[in-house]
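Below is one structure, written out as C-alpha cells; comments come after it.
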2 protein chains.
Amino acid sequence: MRPPTIRDVAERAGVSKSLVSLVLRGSDQVRPEKREAVLRAARELGYRPNAAARSLSEQRTRTVGVLLNDLRNPWFVDLLDGLNSLLHAHGLHMLLADARLNRRTGQDPADPLLDLRVDGLVVVGTLPDPAALGAVAARMPVVLAGAREPVPPGVDQVAGDDEQGARLVTEHLIGLGHRRIAHLAGYGAVGELRRRSFEATMRAHGLADRAVVENGDMTEEGGYRATVRLLNRPDRPTAVFAVNDITCVGALSAAEELGLRVPQDLSLVGYDNTSISRLRHLWLTTVDNAGHEVGRRAARFLLDRFERPGGEGRPHLAAPTLEIRGTTAPPP
Amino acid sequence: MRPPTIRDVAERAGVSKSLVSLVLRGSDQVRPEKREAVLRAARELGYRPNAAARSLSEQRTRTVGVLLNDLRNPWFVDLLDGLNSLLHAHGLHMLLADARLNRRTGQDPADPLLDLRVDGLVVVGTLPDPAALGAVAARMPVVLAGAREPVPPGVDQVAGDDEQGARLVTEHLIGLGHRRIAHLAGYGAVGELRRRSFEATMRAHGLADRAVVENGDMTEEGGYRATVRLLNRPDRPTAVFAVNDITCVGALSAAEELGLRVPQDLSLVGYDNTSISRLRHLWLTTVDNAGHEVGRRAARFLLDRFERPGGEGRPHLAAPTLEIRGTTAPPP
DNA sequence: GCCCCTCTTTGGACCGTTCCAGAACCTGTC
DNA sequence: GACAGGTTCTGGAACGGTCCAAAGAGGGGC
C-alpha cells in the first residue's frame, strides 16, 4: 500500500530499474517499444518520483527556498511572480517560508529550507539577522530581494531604486507647483534612502528650506499622527510624500479629519503601489517598485550562480515608475 | 567542501555513525561524555542533518504541505498562524505553495509537495479542481481549510460558519432599526451560504419582502457597480451587507459618490475582517472568521489522522464574531 | 576466576533514486 | 564466421541518514 517505486514500475514493464530511470529522465538511448512499456507501467501504477531519494542521489534538489519576511505585507506577490516565471522555465521549484511565523516559535526560519538542502535561497525583505546570511552564502547562492540593507559578501542584491523613486515623487510635486513639501519618513535602509533622496531633490531645486520631515513609523497610525502635527504647523505644507502607502492612508485620514480636501487642498503620495493604493476609494498616487522585474532579476542572479558559483555579490536596482492617481494636484 | 555528514561527525568525535545518530535523536542510552563529544564535534563542524536522507530512511518527512489558493488574498495569514503554532509544537514543519503562481505555469500546484512526500496536506481556500484531492487523500491526511465547497470522501474540512456570520450581520442591522436591507452577493459556496443565510434571517424577522439581493463579483468594482444600481432604486435600502470587505469598499465609494454619508445615511457591513477593513480611513464593520481557530483545528485534524489514519472526513465550523466599527448606525 | 546481566556501542541492511562501467545485443564487413 | 563498432540494457555502488541485531564493556555475586 506504499507508493510505487521505480522497481515496481520496472517489474511491471519487464525491464531493469536502470532503464526505467533512463526513460523517466528522457534519454533517447531507449528503444521506442521499451519506452512505451515503461511509461505505460508508470501511468498504470500512478508512479511519482520520490524527491528525497532523487535529491539524495543527485546532490541537488532543483528547488530554491524563498524566505519571506512577513506574509502580512503582500507587496512581494509580484516579485514572487517574476521569480517563479524564470525559475520554472529552468525546471526549478519554489518553496516558501515565512520568517515571521517561524520566528515566533523561536527557531531560525531558514532552518527547514537549509535542512532540505535547497539549491539556492531568495530572501525577500529585511530579515532580523542579515549577518547570518553570510554563513549560508558560503554554501549556496543567496539573493536578497526587495531590501536595501547592507549585504554580507557573496550575496547578490536586487531591489527597487528608492532614490530614484523618491526623486520621481518629489519632482512630480514640484512640477505641479508645490513648494512647501513634507516627507513622512520611515525607518530602516529603505526609509533612510527615500528621505535622503527627498531632501537632496528639494535641495537641487533650491527648496531646501521648504522641505519638512516628520517621522512616522511606517504604520497607518504613525502616518496619521505625523500628519496631524504637520498640518497644525504655521507653515502648513501643501503636499505630503509618505514613505509608504499605509502611512499615506494614515495621512489621508488626518487630512479628512481636519477638513482638508485631497487633492484640492493637500496632495498626498505613497510608495509601493500596494493593492490598498489601488482601491478606488483611496486611489493614491504612488510609486511602483517594479516587483516583477526585481523577481526576474533575482532569479537571473541565482541561475548565474548555479552555473558559476562564487564571486562577488552583485547589486541591481530596478527602475521604479510613478503611478499618478487621484491624490495629487496643483496646490490651492 | 561539501556539507559535513554524520560520518564526519562520528570520525571527529571518535565514535561510530550509529552513536552519532543516537545522540542526535536524543537517546538516553548514551554515556554523558560520549554525548558531549558528539555534540561538540557536530557544533564544530556546523553539522546539519540532511532532510532528504532522513525522510528517505524514516519514511516520513515531518513536514506538512500548505497549498494556498492565492497569496494576493491574505485573509489566511491568521489561519497559517494557528496552524503553525500547533504543528510546531508537534515537531512538524510547514511548507507553503501558491496554487495561483503554479497554475499559470500549467502544472498541478500540489505536485512539488507530493513529490516531497509531505506527511499531510492542508489546502487553504477554494481550488480549481477539488476532486483531485480525493486521490491525494487516499495516500495522506488532507484537510481543506477556509472553503465551503463539497469535499471528497476522507477529507476533513474546517472553515468559518458563514451562515452564522451572515445571521450576525443581518440581526445587527435589524437590531439597529434597519428594514430595507440589501445584500451584495458573491459566488462560490461561500457566496451562496452567506446569501441564503441573509435571506433566511430576513424571513425569520418577517422582512422577506424588504430584502434585496444584487450580484457583485467579489471585487471592488463589482461592489461599486452593484451599489450604484441599488441606490438608484426607488426603494433605496438603508443598509448594505457585502459578501466581503473588498466589495464593501466598492460600496463605500459608490455611497460617497452619490453624496450619502456612511453610516448616517447608509450602513455598510463587510466580511472577513481583513487588514483593509481595519484601516481607520475605512473602519468597516465586518465579520471576523476566527482564522486562528480554523488553523488550529485544521492542525488538530491532521494530527489525529497521523495517529489513526483513514476514517470519514469530518467537518468543523468555527464560530465567527461581529466586529462593529464605524460603518453601521441606526437608519436616518 | 567465571558467569550472568545490564548498559553502551557498533556494523550492516535498508530507504528510492542516479550514475557508471560493462554486458548483451545488433548490424555490417571482410 | 569472426570481428568491429554502435546501440541498448543492466547490476551494483553511491547518496546520508535510521534502525536492528548483536558485539563489547563493566559490575555484581558466587
Legend entry - Rounded to 10 degrees, the angle between the two terminal axes of the helix from dG1(C)-dC30(D) to dC30(C)-dG1(D), each from five pairs: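 Axis-to-axis angle, ends of the helix: 70°.
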State, yes or no, whether a side-chain contact exists between [X] and [Y] at a heavy-atom distance under 4.5 Å.
X	Y	result
V124(A)	W75(A)	yes
L95(A)	V66(A)	no
H316(A)	E293(A)	yes

Legend entry - First and last nucleotide of DNA chain C, 5' to 3', lying under 4.0 Å from heavy atoms of chain A: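 Contacts span dG16(C) to dC19(C), reading 5' to 3'.
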Inset, instruction - Sugar-phosphate atoms are those with a prime plus P, OP1 and OP2; base atoms are the rest. Using that split, label each nucleotide of nucleotides 10-19 of chain D B, S or - for protein heavy atoms under 4.0 Å, 5' to 3'. - result: BBB--BBBBB
Inset, instruction - Keeping to residues at least two apart or across chains, list the salt bridge (Lys or Arg N to Asp or Glu O under 4.0 Å) pairs with something in residues 46-59 of chain A. - result: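 Sorted pair list: R48(A)-D111(B), R48(A)-D115(B), E58(A)-R62(A).
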Legend entry - Under 3.5 Å donor-acceptor, S55(B) side chain and A51(B) backbone: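 Side chain of S55(B) to backbone of A51(B), a donor-acceptor pair under 3.5 Å: yes, one is there.
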Inset, instruction - Check for a donor-acceptor pair, side chain of R60(B) on one end and backbone N or O of D119(B) on the other, with a separation under 3.5 Å. - result: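 Pair absent, no side-chain N/O of R60(B) close to backbone of D119(B).
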Legend entry - Residue pair T126(B) / N69(B), side-chain donor-acceptor N/O under 3.5 Å: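 T126(B) vs N69(B): no donor-acceptor pair found between side chains.
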Legend entry - With sequence neighbours excluded, residues passing side-chain contact (heavy atoms from CB on, under 4.5 Å) with V136(A):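 With sequence neighbours excluded, V136(A) shows a side-chain contact (heavy atoms from CB on, under 4.5 Å) to L114(A), L121(A), M140(A), V142(A), given in chain and number order.
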Legend entry - side-chain contact (heavy atoms from CB on, under 4.5 Å) partners for R100(A), two or more places apart: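 Result, side-chain contact (heavy atoms from CB on, under 4.5 Å) vs R100(A): D70(A), R72(A), D98(A), R103(A).
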Inset, instruction - Give, for atom CG of L83(B) and atom CE of M94(B), the distance between the pair rounded to the nearest 0.5 Å. - result: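 Nearest 0.5 Å value for the CG-CE distance: 5.5 Å.
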